[in-house]
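Because only heavy atoms are used, hydrogens play no part in the values below, and waters and symmetry mates are left out as well, while side chains stay in.
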Amino acid sequence: QVQLVESGGGLVQSGGSLKLSCSASGRTFATYMMGWFRQAPGKERQFVATFYWNNDNTYYTNSVKGRFTISSDKPKKTINLQMNNLKSEDTAIYYCAYSGPSFTGNYRSPSDYDYWGKGTQVTVSS
């Protein structure tokens with residue numbers, strides 16, 4: 001089992017910044033990716049960004065490229081999501097996700113991730 005604890009989030013004005021963090025603990029010896037998804041009310045869970053553990057590659061959904069940056073602290077099994085120039089459409093619950101045994105390389109798919117955090121609310125006011 002892997003436990004994910006998220007921190008950060010909150011309320012910010014449009015154009016502002018927030019930083020999310022997620023720490024993994026437990027059986028984390030086979031980490032392939034850690035990433036972030038988000039879900040707005042009435043919408044499906046959407047891929048935001050992910051970090052590949054073996055080569056440090058990062059991937060983003062198009063709508064956040066140039067505004068969000070995902071990074072990691074590998075010894076601490078932590079990932080961060082720096083979110084700049086936030087827009088009202090970024091408002092959602094953000095979930096941290098961990099990929100281990102289910103990894104196939106389809107980083108945009110929730111099914112490639114085995115464990116999920118409880119989520120943290122990000123609200124951007126216009």
Side-chain angles (χ1 to χ4, degrees):
Q1 289 283 349
V2 173
Q3 294 78 43
L4 301 174
V5 177
E6 301 136 332
S7 61
L11 174 64
V12 66
Q13 289 188 334
S14 180
S17 298
L18 283 174
K19 181 179 179 181
L20 306 181
S21 295
C22 174
S23 295
S25 61
R27 299 174 64 84
T28 60
F29 49 82
T31 305
Y32 286 89
M33 319 182 275
M34 286 184 68
W36 294 93
F37 284 70
R38 66 186 179 187
Q39 189 166 18
K43 295 188 177 181
E44 292 186 352
R45 192 166 295 192
Q46 174 195 29
F47 168 76
V48 176
T50 202
F51 183 96
Y52 267 53
W53 225 250
N54 64 339
N55 60 14
D56 294 358
N57 282 354
T58 58
Y59 300 93
Y60 300 89
T61 192
N62 286 339
S63 64
V64 308
K65 285 180 181 178
R67 300 188 298 122
F68 291 12
T69 303
I70 190 169
S71 61
S72 77
D73 183 339
K74 288 184 176 180
K76 295 183 179 179
K77 280 288 170 51
T78 296
I79 58 168
N80 302 300
L81 186 68
Q82 179 65 44
M83 305 184 293
N84 298 328
N85 190 21
L86 282 160
K87 305 176 181 180
S88 57
E89 52 263 42
D90 295 318
T91 295
I93 299 175
Y94 283 69
Y95 296 91
C96 177
Y98 174 96
S99 178
S102 295
F103 175 80
T104 67
N106 186 6
Y107 57 84
R108 296 178 182 276
S109 172
S111 64
D112 244 43
Y113 298 82
D114 299 276
Y115 300 97
W116 296 82
K118 294 182 179 181
T120 185
Q121 178 70 47
V122 171
T123 303
V124 184
S125 63
S126 57

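- The shortest distance between side-chain heavy atoms of S14 and S88 does not fall below 4.5 Å.
- Between W116 and C96, every side-chain heavy-atom pair lies at or beyond the 4.5 Å cut-off.
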Check: residues 67-75 side-chain donor-acceptor pairs under 3.5 Å, at least two apart:
{"from": "R67", "atom 1": "NE", "to": "S63", "atom 2": "O", "distance (Å)": "3.4"}
{"from": "R67", "atom 1": "NH1", "to": "N85", "atom 2": "O", "distance (Å)": "2.9"}
{"from": "R67", "atom 1": "NH1", "to": "D90", "atom 2": "OD2", "distance (Å)": "2.8"}
{"from": "R67", "atom 1": "NH2", "to": "S63", "atom 2": "O", "distance (Å)": "2.9"}
{"from": "R67", "atom 1": "NH2", "to": "D90", "atom 2": "OD1", "distance (Å)": "3.0"}
{"from": "R67", "atom 1": "NH2", "to": "D90", "atom 2": "OD2", "distance (Å)": "3.4"}
{"from": "K74", "atom 1": "NZ", "to": "W53", "atom 2": "O", "distance (Å)": "2.8"}
{"from": "K74", "atom 1": "NZ", "to": "D56", "atom 2": "OD1", "distance (Å)": "2.6"}

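- Between N84 and Q82, the side chains place a donor N or O and an acceptor N or O closer than 3.5 Å (distance only, hydrogens not considered).
- Looking at Y60, Y95, Y59, Y94 one by one, the single match for side chain to side chain contact (heavy atoms under 4.5 Å, CB included) with V48 turns out to be Y94.
- Dense packing is recorded around OH of Y115, with more than 12 heavy atoms of other residues, nucleotides or ligands lying under 6.0 Å away.
- Looking only at distances, no side-chain donor or acceptor of Q121 sits under 3.5 Å from a matching main-chain atom of G9.
- Criterion: ILVMFWY side-chain heavy atoms under 4.5 Å apart, direct or through other members. Under it, F47 and L81 are not part of a common hydrophobic cluster.
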Can you give each donor-acceptor pair under 3.5 Å made by side-chain atoms of residues 102-109, sequence neighbours left out, with the distance rounded to 0.1 Å?
{"from": "S102", "atom 1": "OG", "to": "D114", "atom 2": "OD1", "distance (Å)": "2.5"}
{"from": "T104", "atom 1": "OG1", "to": "N106", "atom 2": "N", "distance (Å)": "3.4"}
{"from": "T104", "atom 1": "OG1", "to": "D112", "atom 2": "OD1", "distance (Å)": "2.5"}
{"from": "T104", "atom 1": "OG1", "to": "D112", "atom 2": "OD2", "distance (Å)": "3.3"}
{"from": "S109", "atom 1": "OG", "to": "S111", "atom 2": "N", "distance (Å)": "3.2"}
{"from": "S109", "atom 1": "OG", "to": "S111", "atom 2": "OG", "distance (Å)": "2.7"}

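- Contact between G119 and I93 at its shortest, heavy atoms only, is CA-CG2, 3.8 Å.
- Connection of F37 to L18 is not established within any shared hydrophobic cluster, with ILVMFWY side chains joined at heavy-atom distances below 4.5 Å, either directly or through further cluster members.
- Evaluation of the side chain to side chain contact (heavy atoms under 4.5 Å, CB included) rule for N55 yields Y52, N57 as partners, not counting sequence neighbours.
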Side chain to side chain donor-acceptor pair (under 3.5 Å) between T78 and S23, intermediate numbers included: CA-CA 4 Å; T78 296; S23 295; 3.0 Å; yes

